[in-house]
Amino acid sequence: MCLSVPSQVTELHEDATVTVNTLGVKRRVSSHLMTEPLAIGDFVLIHIGFVMNKIDKDEANLSLELYKEIVEKLELEEQV
């Protein structure tokens, strides 16, 4: 099973790569597989270093909230 955490585009580069922010971690990934243009602020899903598709901002925020909730619950379990 593969989980893809929504990432937000923070920089566009001339070589068809973009910098994204994934839960506070920034990294540069390829947008070569995208057929539509990306813009700063877009939310995307990434697989093995490639942007696979854009997603709706509301959907991205909902997913991010769920991931944060999961992490918080896991951290609480570790403390017990």
Side-chain angles (χ1 to χ4, degrees):
M1 179 172 78
C2 180
L3 295 176
S4 186
V5 177
S7 302
Q8 189 170 30
V9 176
T10 59
E11 294 179 60
L12 305 172
H13 307 285
E14 292 183 18
D15 62 353
T17 62
V18 296
T19 299
V20 296
N21 182 333
T22 310
L23 297 175
V25 177
K26 289 188 177 183
R27 61 186 171 140
R28 197 163 169 162
V29 296
S30 174
S31 64
H32 285 94
L33 300 178
M34 291 295 295
T35 56
E36 60 184 304
L38 295 174
I40 292 175
D42 283 345
F43 282 92
V44 296
L45 296 179
I46 299 166
H47 180 64
I48 60 169
F50 289 89
V51 176
M52 301 306 289
N53 60 310
K54 284 200 285 189
I55 62 171
D56 177 73
K57 180 180 178 179
D58 292 334
E59 182 181 340
N61 285 327
L62 178 61
S63 292
L64 290 169
E65 288 302 317
L66 289 172
Y67 284 116
K68 289 176 186 175
E69 185 178 324
I70 290 168
V71 169
E72 288 172 5
K73 288 184 179 188
L74 289 173
E75 288 174 347
L76 285 175
E77 285 181 11
E78 288 178 359
Q79 294 175 4
V80 174

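Numbering starts at 1 and runs along the sequence shown.
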Problem set entry | Within one Ile-Leu-Val-Met-Phe-Trp-Tyr cluster: V20 and M34, side-chain cutoff 4.5 Å | yes
Exercise. Measuring from Q8:CD to D42:CG, what's the distance to the nearest 0.5 Å?
Worked result: 8.5 Å
Exercise. In the hydrophobic clustering that connects Ile, Leu, Val, Met, Phe, Trp and Tyr at side-chain heavy-atom distances below 4.5 Å, which members other than I70 occupy its cluster, ordered by chain and number?
Worked result: L74
Problem set entry | Pair K68 + E72: basic N to acidic O under 4.0 Å | no
Exercise. Is it the case that one hydrophobic cluster holds both F43 and L23, taking links as side-chain heavy atoms less than 4.5 Å apart, direct or via other members?
Worked result: yes
For this session: Would you name the heavy atoms of H32 and A16 that are closest together and state the gap between them?
Result: NE2-CB, 3.5 Å
Seminar exercise, completed: With S7 as partner, the option from T19, N21, T22 fulfilling side-chain hydrogen bond (donor to acceptor under 3.5 Å, both in side chains) is T22
Seminar exercise, completed: Here the gap from M52 atom CE to S31 atom OG, rounded to the nearest 0.5 Å, amounts to 12.5 Å
Problem set entry | Cluster link V71 to L76, ILVMFWY, side chain under 4.5 Å | no
For this session: Look at the side-chain heavy atoms of Ile, Leu, Val, Met, Phe, Trp and Tyr, link any pair under 4.5 Å apart, and say whether I40 and I46 land in one connected group.
Result: yes
Problem set entry | Spacing of I55 atom CD1 and L45 atom CG [to the nearest 0.5 Å] | 4.5 Å
Seminar exercise, completed: Smallest heavy-atom separation, V51 atom then L33 atom, equals O-CB, 4.1 Å
For this session: Taking all heavy atoms of T17 and all of R28, pick out the closest pair and write down the distance.
Result: OG1-NE, 2.8 Å
Exercise. Any idea which heavy atoms bring V18 and L12 closest together, and the distance?
Worked result: CG1-CD2, 3.7 Å
Problem set entry | side chain to side chain donor-acceptor pair (under 3.5 Å) pairs, two or more places apart, involving residues 56-67 | none
